[in-house]
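Reading through the structure tokens given below for one structure.
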Amino acid sequence: MTGQDSDQSLPWYKDGLRFQCTECGKCCTGSSSFVWVDEEEIAAMADFLHISVAAFKIKYIRRRDNRYALVEKKSQNNACIFLKDKKCLVYKARPKQCSTFPWWNELLKSEESWRFAAQSCEGINDSAPLVPYSQIVQLGSTT
Ligand code: SF4
Ligand code: SF4
């Protein structure tokens with residue numbers, strides 16, 4: 001494979017994308033989707049909060065479609081249970097779904113989907129720092 005061929009096989013964001021989180025908290029609020037978590041992520045958050053996994057599940061987890069999701073605060077525009085004053089109370093142990101945003105496959109699949117994501121995430125904008133492709137690959141997920 002030539003260098004040119006390999007460059008052509010790179011995705012549309014091969015030159016990087018502009019993003020910097022402003023910590024506005026919007027992506028932790030009002031979403032129509034859930035924050036899905038698995039047993040490993042639950043254990044990590046329980047450990048971070050110094051409570052048992054059983055206690056964590058009772059307080060912070062709801063079963064949905066046979067999966068685990070973080071509880072939302074209905075009275076506060078469906079904000080995540082861990083969002084307080086725009087800060088994540090479990091930031092260092094936050095689930096992969098959160099730590100990999102906005103580098104999700106579904107948002108990176110086209111320029112159009114990336115532009116759509118920018119409508120609800122103010123961190124995606126032309127004046128934000130350029131995140132290089134290599135870093136996007138590293139930060140991304142299979143979500
Ligand atoms: S919506 Fe975007 S800028 Fe706001 S907290 Fe989420 S990732 Fe950061
Ligand atoms: S766990 Fe933290 S980062 Fe994830 S949605 Fe809740 S508040 Fe936001």
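Each ligand, and each atom within it, is numbered from 1 in the order the structure gives. Computed from heavy atoms alone, side chains included, the values below leave out hydrogens, waters and symmetry copies.
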For Thr22, the atoms of ligand 1 under 4.0 Å from one of its heavy atoms are 3 (S), 8 (Fe)
Shortest non-hydrogen pair, Ser110 vs Ser113, comes out as O-OG, 2.9 Å
The closest protein heavy-atom partner of atom 8 (Fe) of ligand 2 is Cys28 SG, 2.4 Å
NZ or CZ of Arg62 within 45° of Tyr68 ring axis and under 6.0 Å | no
Audit row: Phe34, Arg67, side chain to side chain contact (heavy atoms under 4.5 Å, CB included) steps and yes/no | CA-CA 10 Å; Phe34 301 115; Arg67 299 165 74 187; over 6 Å; no
Pick from Gly25, Cys80, Cys27: the one approaching atom 6 (Fe) of ligand 2 most closely through a non-hydrogen atom = Cys80
Transitively linked via ILVMFWY side-chain contacts under 4.5 Å: Val71 with Ile42?
-> yes
Is it true that atom NZ of Lys109 has more than 12 heavy atoms of other residues, nucleotides or ligands lying nearer than 6.0 Å?
-> no
Cluster link Tyr133 to Ile124, ILVMFWY, side chain under 4.5 Å = yes
Does Glu23 come within less than 4.0 Å of Lys86, counting only side-chain N to carboxylate O?
-> no
Please state which protein non-hydrogen atom is closest to atom 2 (Fe) of ligand 1 and give its distance, to 0.1 Å?
-> Cys121 SG, 2.3 Å
So the atoms of ligand 1 within less than 4.0 Å of a heavy atom of Phe101 turn out to be 7 (S)
Please determine if atom 2 (Fe) of ligand 2 has an N/O/S atom from Cys88 lying under 2.8 Å away.
-> yes
Under 4.0 Å from one or more heavy atoms of Leu70, ligand 2 contributes atoms 1 (S)
Element-labelled atoms of ligand 2 that are located less than 4.0 Å from some non-hydrogen atom of Phe82 | 7 (S)
Ligand-side contact atoms (ligand 1) for residue partner Gly123, heavy atom cut-off under 4.0 Å = 3 (S)
Report, in ascending order of atom number, the atoms of ligand 2 lying under 4.0 Å from any heavy atom of Cys98.
-> 1 (S), 3 (S), 4 (Fe), 5 (S)
Atom indices of ligand 2 within 4.0 angstrom of Pro95 heavy atoms, with elements = 1 (S)
Phe48: side-chain contact (heavy atoms from CB on, under 4.5 Å) partners, not counting sequence neighbours = Val90, Lys92, Ala93
For atom 4 (Fe) of ligand 1, what is the nearest protein heavy atom, given as residue, atom name and distance?
-> Cys24 SG, 2.3 Å
